[in-house]
Amino acid sequence: MEQTENELIRLRRQKIRSLREEGIDPYPNDVRVGHTTGEIIERYGALDGEALGAVQEEFSIAGRMMAVRDFGKGAFIMVQDRKGRLQAFLRQNVLGEEAFRLFKRLDVGDIVFVAGRIFRTRTGELTIDASRFRLLSKAVRPLPEKWHGLTDVETRYRQRHLDLISNPRVVEIFKKRSRIISLIRRFMEERDFLEVETPMMQPKAGGAAARPFRTHHNALDMDLYLRIAPELYLKRLVTGGLERVFEINRNFRNEGVSTFHNPEFTMMEFYQAYATYEDLMVMTEELFAFLAREVLGTTELTYQGQTIDLTPPWRRLTVAEAVERFWGLDAETIADGEALIDFARRQGLEVPEGEGPGKVLMTLFEAREDRLVQPTFVTQYPLEVSPLARKNPADPRFTDRFELYICGREIANAFSELNDPEDQRQRFLMQLEERARGDEEAHEMDEDYIRVLEYAMPPTAGEGIGIDRLVMLFTDSPSIRDVILFPHLRRKEEG
RNA sequence: GGGACGUUAGCUCAGGCGGUAGAGCAGCGGACUUUUAAUCCGUUGGUCGCGGGUUCGAUUCCCGCACGUCCCA
């Protein structure tokens with residue numbers, strides 16, 4: 001703990017001591033709270049002073065004292081609870097001298113209880129006329145300033161409780177996040193999907209192209225990886241006959257941190273037997289439109305000044321078509337691997353020796369993917385970057401896969417699943433070659449998973465949707481840290 | 001990984017081309033029983049992110065580091 005104590009804190013500790021000496025518990029837990037500020041405002045917010053005068057009921061609320069306007073023998077305070085804020089009027093003659101004297105020693109930031117009848121003040125504000133007042137929890141540390149609130153982003157993330165206390169907009173974002181996840185569950189359950197939980201600690205980190213976090217199980221003396229995706233486990237469940245499953249949970253990727261990347265992030269991944277990636281495109285459109293209508297009341301939204309129209313159907317482009325548009329290339333150049341590599345290098349893009357045409361195509365795509373602002377399904381990803389996806393029957397160099405782009409960012413990734421165990425083995429072998437060439441994100445050989453496919457997995461399609469990015473979109477948040485309560489930050493010594 | 005910018009009171013911010021710093025809010029003392037950032041009078045509070053260098057003297061100049069923000073890879 002800190003050695004030199006701030007004057008403000010010292011004084012408040014002194015207050016707590018003197019309260020205790022007088023037999024007042026600064027941290028009691030014997031109070032029954034009857035109402036929230038929100039329900040009182042909802043029921044009586046529209047009534048005029050005369051109508052409120054006829055309301056005999058006494059109301060009780062509890063919450064954080066966010067403002068004090070003191071007039072000597074009377075005072076207005078603002079009480080904030082989970083539903084909002086309500087004003088209370090404390091008067092010495094109504095409250096009694098003892099309770100009023102206690103109030104006089106309290107500070108903004110303390111948790112208090114107020115009970116009394118409601119009325120409307122001269123300026124028209126709905127207010128509790130306090131007949132009872134109690135301290136429920138004494139604050140030692142002062143709150144951020146009331147007018148500007150807390151703006152320092154570092155403190156906002158490191159001390160999220162302060163952010164939540166002083167920035168109502170932040171509370172709204174996380175309420176909306178909770179609502180979105182709840183709606184996703186409802187959407188999936190209505191389509192007969194079963195919610196499941198699969199391992200976060202895996203002996204092999206499979207199911208995606210990413211570097212994992214490593215950990216160790218002491219008793220079993222074995223290395224484990226935090227999962228980069230639940231994919232291979234969910235497909236075991238489909239093989240096991242569950243047919244429609246989904247999981248909303250965390251993935252961990254050992255990568256850089258940015259406004260769109262947090263090392264742990266939330267993904268909704270789902271698998272549907274007897275469906276194709278084309279079915280999932282329709283389902284994705286329906287899900288997003290459903291969420292938008294429920295959360296925003298419309299299928300149009302504004303993200304960082306751009307208007308995004310989520311009304312289905314959405315544009316569909318193959319990767320090759322997208323690259324044609326982005327770079328003004330023709331189909332012949334795209335089909336010619338050598339010409340494509342040559343073009344990419346002339347554009348200043350880095351293409352390692354021996355790189356295949358599929359990866360070069362992806363390099364060109366990714367260099368300009370930020371141009372996909374309106375919702376777009378990008379389909380037909382090259383085989384070499386899609387080791388778990390089914391080949392396109394018409395052109396086996398590509399897979400029946402799509403990624404959803406909105407505002408230039410990947411929001412979802414889906415494909416018709418590869419369920420041919422022989423083909424899967426070949427794909428893993430291809431990945432091992434990539435790994436040998438230095439690609440640390442290439443998939444490992446997974447014999448155990450191939451063995452699962454050998455028991456026959458039904459034809460299936462699966463998809464992962466990045467929940468954090470989705471919430472960013474629906475809350476117009478510029479950074480992923482705005483939608484994660486405790487985003488990853490470097491460690492800092494506490495002073 | 002590279003670049004730019006930032007870090008000053010509990011909070012929001014000024015400031016200083018080198019002589020150890022200010023405001024508003026909060027706090028403390030006082031007045032005030034219908035305020036809305038209440039008002040009025042008085043007042044306390046700082047290792048100027050950390051470490052080193054230059055200097056008689058560094059919060060200010062230089063170097064390094066930490067943390068953060070944005071941009072680029």
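Computed from a predicted model, the values in this text were never measured in an experiment. Letters go in sequence order (proteins before strands), and every chain restarts at 1. As a basis for the values below, the full set of heavy atoms in this structure was taken, side chains included, without hydrogen atoms, waters or symmetry mates.
Listed pair Thr121(A) / U35(B) fails the phosphate criterion, with no side-chain N or O lying under 4.0 Å from OP1 or OP2. Residue Lys146(A) has a polar side-chain atom (N or O) positioned under 4.0 Å from OP1 or OP2 of A26(B). In terms of phosphate contacts, Arg122(A) brings no side-chain nitrogen or oxygen within less than 4.0 Å of OP1 or OP2 of U33(B). A close approach under 4.0 Å does occur between a side-chain nitrogen or oxygen of Arg490(A) and OP1 or OP2 of G68(B). Note on Ser258(A): every side-chain N or O is 4.0 Å or more away from OP1 and OP2 of C71(B). Here Arg158(A) does not reach the OP1 or OP2 of C67(B): none of its side-chain N or O atoms lies under 4.0 Å away.
Checked against side-chain contact (heavy atoms from CB on, under 4.5 Å), Glu42(A) has no partners two or more places apart in sequence or in another chain.
Atom pair Arg10(A):CZ and U44(B):C1' shows a separation of 11 Å (rounding to whole Å applied). Taking atom CD1 of Ile77(A) as the reference point, atom C1' of U34(B) lies 15 Å away to the nearest angstrom. Summarising the geometry, the separation between CZ on Arg156(A) and P on U12(B) is reported as 11 Å, rounded to the nearest angstrom. When the C1' atom of U35(B) is taken as reference, atom NZ of Lys73(A) falls 17 Å away, rounded to whole Å. Between Asp70(A) atom CG and G29(B) atom C1' the separation is 13 Å, expressed in whole Å.
The same atom, C1', is picked in U7(B) and in G46(B); the two are 15 Å apart, to the nearest Å. To the nearest whole angstrom, the two P atoms, one in G45(B) and one in A23(B), are 12 Å apart. Remark: the separation of the C1' atoms in U33(B) and C28(B) is 23 Å, to the nearest Å.
Among the nucleotides G27(B), G68(B), U33(B), the one closest to the side chain of Asn93(A) is U33(B). Minimum atom distance to the side chain of Glu125(A) is reached by U35(B), of the listed U35(B), U33(B), C28(B). Checking U33(B), G68(B), A26(B) against every side-chain atom of Phe71(A), the shortest atom distance belongs to U33(B). Nearest nucleotide to the Glu145(A) side chain, out of U35(B), U12(B), U33(B): U12(B).
Between Trp327(A) and Phe343(A), the angle of the ring planes goes over 60°, which puts this pair in the perpendicular group of the 30/60° scheme. Ring orientation note: the planes of Phe119(A) and Phe89(A) are tilted relative to one another, at an angle of 30° to 60°.
Glu98(A) CD: 12 or fewer foreign heavy atoms inside a 6.0 Å radius.
With a cut-off of 3.5 Å on both Watson-Crick or G-U wobble distances, the partner of A38(B) is given as none.
Aromatic ring centroids of Phe365(A) and Tyr405(A) lie under 6.0 Å apart.
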